[in-house]
Participant: 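Structure below; questions to follow.
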Amino acid sequence: MKDYKPLEIEVKWKKMWDEKKIYSPDLDSVKRPFYNLMMFPYPSAEGLHVGSVFTFTGVDTYGRFKRMQGFDVFEPMGLDGFGIHSENYALKVGRHPKEQAKRSEENFYRQLSSIGNGFDWSRKLETYDPNYYKWTQWIFIQLFKRGLAYRKKAPVNFCPSCKTVLSDEQVIDGKCERCGSVVEKRELEQWFFKITDYAERLLNNIPKLNWTEKVKIAQRDWIGKREGTTIRFVIARTQNEVKGTKKSQKDQIIMGSANPRNDSQYIEVFTTRGDTLYGATFIVLAPEHPVVASLLRNSELEKIRKYVEEVKKKTEIERGAQGKEKTGVFTGLYAINPINNESIPVWIADYALMGYGTGALFGDAHDERDVAFAKKYGIPLKATLITGDKERDERILKLEECFTGDGTLVDSGEFSRLSSQQARERVAEWLEKNKKGGRKVTYHLRDWLISRQRYWGPPIPMIYCQSCAGKGRSWFNSIDSKEENVSSIKYKVSSKDGKFLNTKYVIHTTDDMVGWYPIPEEDLPVILPDVQDWRPEGTGVSPLANHPEFYKTTCPSCGGKARRETDVSDTFLDSAWYFFRYLATEIHDVPFPSEGFINSKSTNQQINKSTNLMIGNWKLEIGNFAKRVKWLPVTMYIGGAEHSVLHLLYSRFITMAFKDLGLIDFEEPFARFYAHGLIIKDRAKMSKSKGNVINPDEYLAKYGADVLRAYLRFVGPFDMGGDFRDSGIEGMQRFLKRVWRLVNDVIASEAKQSSDPKEIASPSFGEARNDNEGKRVMNRIIKGVTDDLEALRFNTAMAKLMTWYNYLSQQKNVSKKELETFLKLLAPIAPFITEELYQNVIASPEGAAISDDGSFRSVHLQPWPSYEPKMLEEGEVTIVVQVNGKVRDSFTVHSLQFTEQSKVEKKAKESSKIKKYIEGKKIKKVIYVEGKIINFVV
RNA sequence: GGCCGAGUGGCGGAACUGGCAGACGCGCACGCCUCAAAAGCGUGUGGCCGUAAGGUCAUGUGGGUUCGAUUCCCUCCUCGGCUACCA
């Protein structure tokens, strides 16, 4: 018998699979497309993490299972190599990002090809490939033309160490996601995508998605829809302005005619708790609130100016997360609560956020933050909600307890005695009727900040023309836009039940966009030049801004001197559409980007010329894209739950935008999303700082891909992850060696038998066993493994196969059918060893991998084993006998003849063990679960 | 603080809709093989009492529902992930 040499058979079969292209479906002609997608990795670290191997081989096991079930499985792989992660890694190792990308790419593809996955390598992609990012840029332009990309000056998170702008999502606990530095606030002009326009659609589609529930919840929370009310508080100069006046004068003030304030000077606040409005005793403004700004212009109050400036400089962390001390300053102003005409002080405080609601809130006794703030500054409070529990209500009214739940209103004028819920409704009505505010919906979701002042990303494909700007011109009033008929572009806004609500026309106000033009599409891509000073300098601009040969250009409209945008786009944009690109890619040898890069001395003209080489055939690519849409939405998408919000949300947004662009007729990219678990080591998350990161290379070299794959399947449930341990992997190697030996022994003894029929070796082929038990076992295992794989319960599928092995290895004869079936069931998990052994089995006594007609009889192309439901029934079943729910005895009966209650009950009562417990007692009740259990209650 | 998970032998984990808790594997012990070891094979393996038959206690804690709870409900504790002053 040959020894089991995993590495040798890997080389052999990999070559064969590659030659026969068994993992490269013809995208245009297949009948049962199954797009089996895993989140592509960003290759910034030293190499592939064993956690990624866990995920990728798990996804592949599912894909192989589906292929054997007759689906045309498409399983592509690529690299998310553009962006801040990769650039930071390049910074760390002191290598040019492009050079590093080349190295990472080589290493990653080497590793990825060694794990035994059925990747379609003819369609790989890298986000830094100009053939890829020309489309990233194209998408940007399409969104710009539809008014979904816009520019605004905004306070942004700035990491002083990475020297870049970060999105809110990249700021963790006020620190930079990558380097951990404390993040500062800066004001910069930035490009944004209007994802908030899609908030309602993104939210309403969630129930329809076949996704892991927790990911759906995370998405819903991230969108964070809140229905509440806005209330207008008219500003008064002093408290007396209201309090000291008679009713008629009060009204005047409120109506805006009293001097010197008028109705335009009001503060609009947002609340979800309109029921507590009567108890509002102060107003809090965010330091960035416009009222504060106007106040500062007219105010001599140095104290306020100082406070606001300090807070604005403060980082998120210093401003303090919940629980930390709140700070604030009184403005000297008062505001009139429209519902009760009370005049209440207006404060500025750091716990009010400009980014949420209206940037202003009212404080009351039923919010813990408000109470904490009020107590600190001695602001009075008034409880207006009670619970009905007398003792508790006493405490609440004495302000000893802060009650934040729904209750019954007290001391709230005409609203007293209403429930919170009723009151919210009535207050909203009142405000609407009296034009003092009204219902309002707010979202936690913010627009997507796209700009990055970095090097390693796709240049944002926009041109700014100073001269056009001076004339108030932009692309939106150019001839081009009229040709594209942009003004008539509209998209549908749907309500919750999917009903058409209205058509939203994009109305362009060119104010913000004056001077801006997209790069003409035929000039794409805007190649990222190969500059040497690529490191971020912390000047708030991209390194490309130091390269006039890059940014100097001509205006597409007037032909005058113009300037390219020098920022690059967020890496989340690269990954928001890659699943489309796998399908659109023609099979071609893509030159590595460096070959297409221009050098930094090239002129602008050369940039454009050189791109012609890259563009390829737009129409062809778009055409393929459209044809292949049958592959979408992605059938199965598997990735980490850490991407639950951002990546998945951005991908959904881009897909919806594609639909609105008329490119596709669906709006959700992933029919099914499954979140896998994490592999940990010694009960701790793997991390470099802990020094417990596992490099799969050594395991692949030592044990081979099959052993590692099978071990990772067995280590724990796919959605939970598992604890990686060397002793476990040894056990798995033993198992595969046993399988190897069993199959080879059987084949060998068969060969012996046919040459000398008298000699019966054991175990051997043959039907001689002639028992139904063997067939029942096989059918049960087939069903079990099939169900487990379908539900991605790989660990229990593996256990069932081991159980079956244990059974087979103890039999005198093992049939050829059993061996074949065993190998087929194991094939998705361990593709190499099963291919080798399967070929041995079918070759015995005759047969070969390549049949006469030239087709390849790979185990991976065999139909998945089926089972006969009839054979699942057990020959005999064990009936457990309980007395008062405690197991006292058990016996077996023939399942077909002896499972009626009367017979089982009779037999159970005959048992001496049972008699002991029921003798002389009255049986109150008998519970019988057919074929399982009988329970006497005495 | 909020949301989502998870707590089961020495360890990783099974138990799918409430029905024999501990499948399968690791580890350990003993045995076979061997001059010996490794590998391999076999047997056993939750705690306690008992020679045994058997009994009894056991799924983080405390309660509840049920003939019966790892599973359902409530309380609390611990750990992990995501998120975070969202008015």
Side-chain angles (χ1 to χ4, degrees), chain A residues 169 172-174 212-215 217-218 220-222 224 226 228 269-273 276 284 286 316 319-324 326 349-353 355-364 366-370 372-373 442-445 640-642 644-645 675 677-678 680 683-685 711 714-717 719-732 734-735 737-738 741 784 787-788 791 793 795-803 805-806 809-810 878-890 913 916 924-929 932-938:
Chain A
E169 297 83 52
I172 310 296
D173 284 338
T212 307
E213 203 56 34
K214 64 175 174 181
V215 173
I217 292 165
R220 198 176 295 128
D221 289 351
W222 192 260
R226 292 287 138 75
V269 307
F270 173 77
T271 186
T272 54
R273 294 298 302 269
T276 63
V284 179
E316 299 279 324
R319 243 170 112 160
Q322 190 173 47
K324 293 202 179 154
K326 295 162 182 29
D350 53 3
Y351 78 97
L353 306 173
Y356 185 76
T358 58
L361 59 98
F362 69 75
D364 62 76
H366 299 286
D367 181 291
E368 288 186 4
R369 292 155 306 178
D370 294 343
F373 184 75
T442 67
Y443 300 89
H444 172 242
L445 183 71
E642 69 272 19
S644 299
V645 276
L678 292 175
I680 57 171
R683 320 189 112 250
K685 202 175 165 179
Y711 172 63
F714 190 57
V715 72
D719 58 347
M720 297 284 168
D723 199 350
F724 192 94
R725 284 201 330 234
D726 287 9
S727 58
I729 204 166
E730 297 273 357
M732 191 51 75
R734 276 201 287 277
F735 174 69
K737 278 182 176 169
R738 284 182 197 136
R741 198 165 49 237
D787 291 351
D788 281 350
R793 290 190 300 254
N795 54 332
T796 49
M798 197 67 221
K800 286 182 176 84
L801 286 167
M802 287 172 160
T803 306
Y805 165 84
N806 290 343
S809 68
Q810 279 159 24
T878 304
I879 306 278
V880 171
V881 187
Q882 296 181 337
V883 179
N884 288 338
K886 292 207 173 204
V887 179
R888 297 300 178 187
D889 196 11
S890 66
K913 290 178 193 166
K916 200 164 83 183
K924 291 177 196 150
K925 204 169 169 188
V926 179
I927 290 119
Y928 178 60
V929 181
K932 277 190 177 165
I933 203 159
I934 184 154
N935 186 14
F936 297 104
V937 184
V938 294

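Naming: A, B, ... by sequence-line order, numbering from 1 per chain.
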Participant: Could you tell me how far U66(B) sits from C74(B) if I compare only their C1' atoms? Round to whole Å.
Facilitator: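 Those two atoms are separated by 16 Å.
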Participant: What is the separation between atom CZ on Arg738(A) and atom C1' on G42(B), rounded to the nearest whole Å?
Facilitator: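 Between C1' of G42(B) and CZ of Arg738(A): 12 Å.
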Participant: Apply salt bridge (Lys or Arg N to Asp or Glu O under 4.0 Å) to residues Asp788(A) and Lys800(A) and explain how you reach the verdict.
Facilitator: CA-CA 9 Å; Asp788(A) 281 350; Lys800(A) 286 182 176 84; 2.7 Å; yes
Participant: Under the 3.5 angstrom rule, does the side chain of Thr276(A) hit a backbone N or O of His366(A) as a donor-acceptor pair?
Facilitator: no
Participant: Please report the distance separating the P of G81(B) from the corresponding atom of C28(B), rounded so that it comes out in whole Å.
Facilitator: 31 Å
Participant: Between C24(B) atom P and Tyr805(A) atom OH, what is the distance in whole Å?
Facilitator: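 In whole Å, C24(B) P and Tyr805(A) OH are 14 Å from each other.
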Participant: How close or far is atom C1' of C20(B) from atom NZ of Lys913(A), stated in whole angstroms?
Facilitator: 13 Å
Participant: In whole Å, what is the span from the CG atom of Asp367(A) to the P atom of G2(B)?
Facilitator: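 Result: 14 Å.
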Participant: Donor-acceptor pair, Tyr711(A) side chain versus Asp726(A) backbone, under 3.5 Å?
Facilitator: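 Answer holds: no.
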Participant: If I take atom CZ in residue Phe714(A) and atom P in nucleotide C24(B), what distance separates them, rounded to the nearest angstrom?
Facilitator: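 Those two atoms, CZ and P, are 10 Å apart.
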Participant: Side-chain donor or acceptor of Gln882(A) under 3.5 Å from a matching atom on the base of G19(B)?
Facilitator: yes
Participant: Let me know the distance between CZ of Arg741(A) and P of A39(B), rounded to the nearest Å.
Facilitator: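 Going from Arg741(A) (CZ) to A39(B) (P), I get 13 Å.
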Participant: Where is the tightest heavy-atom contact between Val284(A) and Ala349(A), given as atom of each residue plus distance?
Facilitator: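 Looks like CG1-CB, 3.4 Å.
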Participant: Let's test your reading of the pairing rules: Watson-Crick or G-U wobble, both distances under 3.5 Å, then write RNA chain B as a dot-bracket string with ( ), [ ], | and dots.
Facilitator: (((((((..(((......[....)))((((((.......))))))((((....))))..(.(((..]....))).))))))))....
Participant: Using the test ring-ring contact (aromatic ring centres under 6.0 Å, His included), find all partners of Phe735(A) that sit at least two apart in sequence or belong to another chain.
Facilitator: Tyr805(A)
Participant: In whole Å, measure the gap between the C1' atoms of A21(B) and G9(B) for me.
Facilitator: 11 Å
Participant: Need the glycosidic conformation of G7(B): syn if within 90° of 0, anti if not. Which one?
Facilitator: anti
Participant: With sugar-phosphate meaning primed atoms plus P, OP1 and OP2, does Arg888(A) contact a base, only sugar-phosphate, or nothing at under 4.0 Å between heavy atoms?
Facilitator: sugar-phosphate
